[in-house]
Amino acid sequence: MKARLTIRTPEGVAFSHVLAGPVSRCLAWLVDLAAIGALTILAGALLKMGGLLSFDIAAAFSTISYFAIGIGYGVAMEWCWRGQTLGKRLLRLRVIDRQGLHLQFHQILIRNLVRLADSLPFFYLIGGMVCFLNRRCQRLGDLAAGTLVIRIPVVSEPDLKQVQPVPHNSLREQAHLAARLRQQVSPALAALLLRAVLRREDFDPAERVRLFGALAEHLRGLVEFPPEAVETLSEEQYVRSAIDVIYR
């Protein structure tokens, strides 16, 4: 049975993530290792071709640059790709905050710096052992940074007929703002909005009002539509209209 992480919001909505296991993490690391090795070889070859360093110094530089490129590669990729490297993207894995919050830069930096300790004494022995023994499959870098690695499920196209959008979607009339909203909303947020609407009948009336109020407020913080486009919409109608713009 696959290990799962369940995060419950203050409104009582639970979201579950499948945690990545040691095998899938190892395969992703091998892909990243090949990419780091290729970048290191390329850097050394450019120096040799340019005649900037002697052979011995270039060899020493290659060893040092391997660690520097390895850390820089992980930090840059996970920051730009929101918790993914090339290997993680191919294996459908992603680094997230252990509380399900937005991944911060200092967390990415810490988990990649501690990677040096995980790799000791050779071939990630310490990191692999910690990962096997930890119920959340965290290596030392994850424990230090407060992060987890999850599997990204293969998501089929949602049945939008269940959403029941408002008859007249005034958000669609603001084409440039609607396009900006689609750019600002992450896949995770879009899935959260859709799940909230599909499960709206499961909530108590007071919880339902609070939930859609919070979601609508967050969406307004991303893109502000003119008052005449939203003044007649309730909080839930606003969220349903936003889903219609995002998915359709």
Side-chain angles (χ1 to χ4, degrees), residues 4-20 77-85 88-89 92-108 145-166 169-203 207-226 229-230 233-248:
R4 287 182 173 271
L5 169 70
T6 301
I7 300 172
R8 186 173 296 276
T9 68
E11 291 78 19
V13 183
F15 297 95
S16 180
H17 298 286
V18 177
L19 297 175
M77 296 289 281
E78 290 179 358
W79 178 247
C80 294
W81 279 358
R82 294 186 300 175
Q84 286 187 303
T85 59
K88 290 184 179 69
R89 176 162 287 198
R92 301 188 63 82
L93 307 181
R94 186 184 299 278
V95 182
I96 66 169
D97 177 83
R98 65 184 174 188
Q99 299 297 331
L101 303 175
H102 181 70
L103 194 62
Q104 301 295 318
F105 180 78
H106 73 272
Q107 292 178 292
I108 296 175
T147 56
L148 297 164
V149 180
I150 62 170
R151 297 188 64 87
I152 303 174
V154 178
V155 181
S156 57
E157 185 175 349
D159 183 7
L160 297 181
K161 294 179 181 179
Q162 302 178 59
V163 177
Q164 298 177 354
V166 292
N169 189 347
S170 57
L171 302 188
R172 280 184 166 273
E173 298 175 357
Q174 312 293 325
H176 65 293
L177 294 177
R180 187 184 303 172
L181 181 63
R182 283 191 290 270
Q183 293 176 344
Q184 293 293 326
V185 173
S186 66
L189 176 57
L192 186 150
L193 296 171
L194 182 61
R195 188 177 301 182
V197 170
L198 295 180
R199 295 182 55 187
R200 62 190 181 277
E201 300 297 337
D202 298 336
F203 306 127
E207 291 182 347
R208 182 169 172 173
V209 171
R210 286 197 299 268
L211 173 61
F212 283 99
L215 293 176
E217 182 179 359
H218 182 74
L219 290 171
R220 292 191 184 99
L222 297 178
V223 177
E224 184 177 358
F225 285 84
V230 297
L233 299 177
S234 67
E235 306 287 34
E236 185 173 331
Q237 288 174 331
Y238 185 91
V239 174
R240 286 162 53 190
S241 297
I243 291 176
D244 182 63
V245 166
I246 295 166
Y247 281 97
R248 296 180 192 275

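This one's a predicted model, so the numbers in the text were calculated from it and none came from an experiment.
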From [atom1] ([X]) to [atom2] ([Y]), nearest 0.5 Å:
{"X": "L181", "Y": "Q174", "atom1": "CG", "atom2": "CD", "value": "12.0 Å"}
{"X": "R199", "Y": "L194", "atom1": "CZ", "atom2": "CG", "value": "12.0 Å"}
{"X": "L219", "Y": "I243", "atom1": "CG", "atom2": "CD1", "value": "8.5 Å"}
{"X": "F225", "Y": "L233", "atom1": "CZ", "atom2": "CG", "value": "10.0 Å"}
{"X": "Q237", "Y": "L171", "atom1": "CD", "atom2": "CG", "value": "11.0 Å"}
{"X": "F203", "Y": "R208", "atom1": "CZ", "atom2": "CZ", "value": "9.0 Å"}

- Item | Test side-chain contact (heavy atoms from CB on, under 4.5 Å) applied to L19 and L148, step by step | CA-CA 8 Å; L19 297 175; L148 297 164; 4.3 Å; yes

- Under the side chain to side chain contact (heavy atoms under 4.5 Å, CB included) test, which residues partner R172, sequence neighbours left out? N169, D244, V245, R248

- Does Q184 have any side chain to side chain contact (heavy atoms under 4.5 Å, CB included) partners at least two apart in sequence or in another chain, and if so, which? R180, L222, V223

- Query: Which heavy-atom pair separates L93 from A20 by the least distance, and what is that distance?
  - Reply: CD2-CB, 3.7 Å

- Message: For A196 versus L215, what's the shortest heavy-atom pair and its separation?
- Response: CB-CD1, 3.7 Å

- Task: Report the C-alpha separation of R200 and L211 in whole Å, then their side-chain angles, then the decisive distance to 0.1 Å, and conclude whether the side-chain contact (heavy atoms from CB on, under 4.5 Å) test is met.
- Result: CA-CA 9 Å; R200 62 190 181 277; L211 173 61; over 6 Å; no

Which side-chain N or O atoms in residues 94-104 pair as donor and acceptor under 3.5 Å with protein atoms at least two apart or in another chain?
residue	atom	partner	partner atom	Å
R94	NH1	W81	O	3.3
R94	NH1	R82	O	2.6
R94	NH2	Q84	OE1	3.4
D97	OD1	Q107	NE2	2.8
D97	OD2	Q99	N	2.8
D97	OD2	L101	N	3.4
Q104	NE2	H102	O	3.3

- Would you please test I246 and L193 for side-chain contact (heavy atoms from CB on, under 4.5 Å) and show each step? CA-CA 10 Å; I246 295 166; L193 296 171; 4.0 Å; yes

- Message: Taking salt bridge (Lys or Arg N to Asp or Glu O under 4.0 Å) as the definition, give me every residue that meets it alongside E235, ordered by chain and number, with sequence neighbours left out.
- Response: R220

- Beyond-backbone contact of H17 with R151, side-chain heavy atoms, under 4.5 angstrom: no

- Message: Using side-chain heavy atoms (C-beta onward) and a distance below 4.5 Å, is P187 in contact with I152?
- Response: no

- Message: Quick one, M77 with R89, criterion side-chain contact (heavy atoms from CB on, under 4.5 Å). Give me CA distance, side-chain angles, the key distance, then yes/no.
- Response: CA-CA 10 Å; M77 296 289 281; R89 176 162 287 198; over 6 Å; no

- Greater than 12 external heavy atoms within 6.0 Å of E173's CD: yes

- Message: So does A190 get a backbone contact from the side chain of Y247, meaning a donor-acceptor N/O pair under 3.5 Å?
- Response: yes

